[in-house]
Every structure is written in structure tokens, then in C-alpha cells.
K.L.:
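Just passing along the structure, written as C-alpha cells.
Excluded from the calculations below are hydrogen atoms, water molecules and symmetry mates; all remaining heavy atoms, backbone and side chain alike, are included. Just follow the structure's listing: the first ligand is 1, and inside any ligand the first atom is 1. Everything numeric here is computed off the predicted structure, so don't read it as measured data.
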Amino acid sequence: MGILEGKVVAVTGAGRGVGREIALLCAREGAAVVVNDLGGNAEGEGADLTPAQQTVDDIKAAGGKALVNGASVADPKGAASIVEDAVQAFGRIDAVVNNAGILRDRIWHKMSHEDWNAVIDVHLNGCFNVSKAATPYFREQQSGSFVHFTSTSGLIGNFGQANYSAAKLGIVGLSQSIALDMARAGVRSNCIAPFAWSRLIATIPATNEAEALRIERMKTMTADKIAPLVAFLASDASQDVSNQIFGVRKNEIFLFSKPRPIRSMQKSEGWTAQAIADEMLPAFRGSFADPGERSGDVFGYDPI
Ligand SMILES: NC(=O)c1ccc[n+]([C@@H]2O[C@H](COP(=O)([O-])OP(=O)(O)OC[C@H]3O[C@@H](n4cnc5c(N)ncnc54)[C@H](O)[C@@H]3O)[C@@H](O)[C@H]2O)c1
């Protein structure tokens, strides 16, 4: 018996990379899987059902259950069709994996409104759209699991990714709110920040030798390593796990902290701007976050 026997799982962006591996593993673990993928290029242009169909064919060839859905998660009606397809074909929906993604990396001063909107639409609005569509079913059956994909680009920081970082940190806020609002309906919501070699990572420009080296190391972090945590979070084995942010990188699993106050200072007569400069600044400066810190600085070591 697999850990997802009898469950129905919808995975967005499951034609390639991390999503494909999630769909394959969930099917091996016994779930019927809706394999959604628009099939556009890394910047989100175009559409092609071939990658999603390939995932479905591979699941079926291995004796699993799956169907293909080629909708865009950025389109509310398309997103709803992912959930409707699950219910129509397999009778229910137990877990939604919001994995679909694109990148339009541009240094901040060159980022257009179009670059901003396209990325927010697929990542943040896409998560909202698919989650919203599944919610009536989850409430009705008093159970359900959302697994959303975030990124250390949002949690920590990265160059040239204002659109992506904002979307990915927005997804953490969305997941947290869903977890709080839906707890009494027995519904859970968690985030994963993955590290995996995929075509999205291949678009990150290496601007110096250190970055080029890091990209070589990333090639050894294969996409299949992310799937077991997703299958666990989709299953009943994680019944009491909600509102958490995990990370996976090769054979490592991380639990991320949430922001908490790390210093406080009180002034009985209240603060003026000058008093802040004179008193708060020297007191807090030693605890300031490194203003130049990026994901690669925190995860600056080779995974085992
Ligand atoms: N690979 C990493 O190291 C890494 C790091 C941090 C976060 N992530 C996140 O993990 C997720 C998976 O990324 P990946 O690396 O496997 O990328 P990928 O490009 O290999 O796969 C993403 C898939 O999403 C699909 N997609 C894009 N827009 C869509 C839309 N509107 N509707 C439906 N499908 C759509 C694409 O066609 C593609 O097949 C993304 O959310 C990404 O932001 C990945």
C-alpha cells in the first residue's frame, strides 16, 4: 500500500521538472493524479500539451491513474477546470500541489510591468486560483491538503527577481492565511522551497565565476528529491502539519523560521526621528540583517 492509496492529487506544472517528479511519485504512492501543465516556455509564452501528456503516459505505463489538463493556472476558469477534472474523473480531490512556475528575471530598473504581472499571475494568482477552486470540496469533506511552492529567492533574496521574490513571499502569506482560515475545516496548507536542477534554474544568468560554480553544483540536485516531502504533506501521515515552510535540497530537508522580533526598544516619552537616529540605530545596528545577503550566501555550501 502506498501512502496516497485512494487519494486524488492535482499537480500544476507537472509536465516538467519538479512537478513531473511529484506527479510520478504520487501515482506510485497510489494516488490518481491530475497532471496540469500549460507547456509554455520558461518565460510563460506559448502552450504545448506534449510534456503533460508524456507524464500521464509514463504514469499509465507504470500502472498508475492520471489524466491530462492543459489549462493555465493564471486563468481562474482554467484553474477551476483542474479541480473539476479531478472530481469528474476520480470522484474527489484530496490535495492540490501548486507547483507551476515561470521566470522573467530582470534587474530591477529594467523590469517592466509586463514582466511583473506575468510572474505574479502564474505564481501568486495561480496559487490563489487553484486553491480557491478546491476549497468548496475541501470544506465539504472536512479534509484537504495544499502544498505551495515558494523559493529562497523570496525567503532570503536574490538579484534580478523582484517579480518572482514578491510572488514567492506572497505565496507564504497566502498559505499562512489559508492554514489559519481553514484549520477548523480540517484543511492544511504548507510551503516548500525547493532546490532542483530544472530549466528554470538554467535561465539564471551566471555573472561571475562563483555563480557559474554554484550552477554546476546545482546540476547534481535532481528534481526527484523534492517529491517525497510533497507526497508526505499530501497524505494523512501529515494530518497535524500545517502553516509550515519547508525546504528540500538533494538529501537535505529544512524547516524555515518565520519572522519574529529579534530586538525591541521602548522609550517612555515616545520616539522622535532624531531619537531613533541617536538611540535606536546604535542599539539595533549589530542585529541588522546583512543588506546584501542572497540565497546563495545562506546556502553557500555543497549538498551531500
Ligand atoms: N528548481 C528550483 O531550484 C526551484 C527553486 C525555487 C523554487 N522553485 C519553484 O518550483 C516550482 C517548479 O519549478 P521547476 O524548477 O520544476 O520549473 P520547470 O520550468 O521545469 O517546470 C514548471 C512547469 O510549470 C509549467 N507552467 C508554467 N506556467 C504555467 C501555467 N500558467 N499554468 C500551468 N502550468 C504552467 C511549465 O510549463 C513547466 O512545465 C516553481 O514554482 C518554481 O518557482 C524551483
K.L.:
If you count the atoms of ligand 1 from 1 in the order shown, which ones are under 4.0 Å from a heavy atom of I102?
P.N.:
27 (C), 28 (N)
K.L.:
If we count only N and O atoms by modelled type, under 3.5 Å, do the side chains of S175 and N190 hold a donor and an acceptor together?
P.N.:
no
K.L.:
To check your reading of the model: name the closest protein heavy atom to atom 3 (O) of ligand 1, its residue, and the distance in Å.
P.N.:
A196 N, 2.8 Å
K.L.:
Which atoms of ligand 1 are found less than 4.0 Å from any heavy atom of R199?
P.N.:
19 (O), 20 (O), 36 (C), 37 (O), 38 (C)
K.L.:
Could you tell me if any non-hydrogen atom of G44 lies under 4.0 Å from any atom of ligand 1?
P.N.:
no
K.L.:
Any side-chain heavy atom of V34 sitting closer than 4.5 Å to one from F90?
P.N.:
yes
K.L.:
Could you check atom 14 (P) of ligand 1 against the protein and tell me its nearest heavy-atom contact, residue, atom and distance included?
P.N.:
S198 OG, 3.5 Å
K.L.:
Residue-level breakdown please: for V73 versus ligand 1, do any non-hydrogen atoms fall below 4.0 Å on the side chain, on the backbone, on both, or on neither?
P.N.:
both
K.L.:
Quick one: does Y164 get within less than 4.0 Å of ligand 1, heavy atoms only?
P.N.:
yes
K.L.:
Specify the protein heavy atom at minimum distance from atom 13 (O) of ligand 1: its residue, its atom name, and the distance to 0.1 Å.
P.N.:
L200 CD1, 3.7 Å
K.L.:
Looking at N36, which atoms of ligand 1 are within less than 4.0 Å of one of its heavy atoms?
P.N.:
33 (C), 34 (N)
K.L.:
Which of the numbered atoms in ligand 1 are below 4.0 angstrom from a heavy atom of A71?
P.N.:
32 (N), 33 (C)
K.L.:
Any heavy atom of G40 closer to ligand 1 than 4.0 angstrom?
P.N.:
yes
K.L.:
Give the atom numbers and elements of ligand 1 that come within less than 4.0 Å of a heavy atom of F195.
P.N.:
3 (O)
K.L.:
Just let me know how P194 lines up against ligand 1, side chain, backbone, both or neither, with a heavy-atom cut-off below 4.0 Å.
P.N.:
both
K.L.:
Taking 4.0 angstrom as the limit and counting only heavy atoms of V18, give me the atoms of ligand 1 inside it, by number and element.
P.N.:
16 (O)
K.L.:
Taking 4.0 Å as the limit for heavy-atom contacts, which would you say applies to K168 with ligand 1: side chain only, backbone only, both, or neither?
P.N.:
side chain
K.L.:
Could you tell me which atoms of ligand 1, counted from 1 in the order shown, lie closer than 4.0 angstrom to a heavy atom of G17?
P.N.:
16 (O), 20 (O)
K.L.:
Are P51 and ligand 1 in contact, using a heavy-atom cut-off of under 4.0 Å?
P.N.:
no
K.L.:
Going by the order shown, which atoms of ligand 1 are within less than 4.0 Å of some heavy atom of R16?
P.N.:
20 (O), 36 (C), 37 (O), 38 (C), 39 (O)
K.L.:
Show, in sequence, the C-alpha distance, side-chain angles and deciding distance for S143 and D94, and conclude whether the side-chain hydrogen bond (donor to acceptor under 3.5 Å, both in side chains) test is met.
P.N.:
CA-CA 7 Å; S143 70; D94 295 290; 4.8 Å; no
K.L.:
Of the choices N125, D37, T152, which has the non-hydrogen atom that lies closest to atom 39 (O) of ligand 1?
P.N.:
D37
K.L.:
Would you say the side chain of L67 lies within less than 4.5 Å of the side chain of D85, judging by non-hydrogen atoms?
P.N.:
yes
K.L.:
So how far is it from D105 CG to D115 CG, rounded to the nearest 0.5 Å?
P.N.:
9.5 Å
K.L.:
Surrounding CD of E140 (heavy atoms of other residues, nucleotides or ligands, distance under 6.0 Å), is the total greater than 12?
P.N.:
no
K.L.:
Please work out whether any backbone atom (N, CA, C, O) or any side-chain heavy atom from C-beta onward of H123 is under 4.0 Å from ligand 1, and answer side chain, backbone, both or neither.
P.N.:
side chain
K.L.:
Is the closest heavy atom of L103 to ligand 1 under 4.0 Å?
P.N.:
no
K.L.:
How about F195 and F299: are their ring centres within less than 6.0 Å of each other?
P.N.:
yes
K.L.:
Can you measure from OG1 (T12) to CZ (F149) and round to the nearest 0.5 angstrom?
P.N.:
9.0 Å
K.L.:
Would you mind telling me if ligand 1 is within reach of the side chain of A223, the backbone, both or neither, using heavy atoms under 4.0 Å?
P.N.:
neither
K.L.:
Using heavy-atom distances, let me know which of G101, A52, G19 sits nearest atom 27 (C) of ligand 1.
P.N.:
G101
K.L.:
For N98 and S131, does a side-chain donor sit closer than 3.5 Å to a side-chain acceptor?
P.N.:
yes
K.L.:
Locate the shortest heavy-atom distance separating G17 from S198; write the atom from each residue and the value.
P.N.:
CA-CB, 4.5 Å
K.L.:
Could you go through the side-chain hydrogen bond (donor to acceptor under 3.5 Å, both in side chains) check for N125 and D121 one step at a time?
P.N.:
CA-CA 5 Å; N125 293 335; D121 251 2; 2.7 Å; yes
K.L.:
Tell me, which protein residue and heavy-atom name are nearest atom 40 (C) of ligand 1, and how many Å apart are they?
P.N.:
N99 O, 3.0 Å
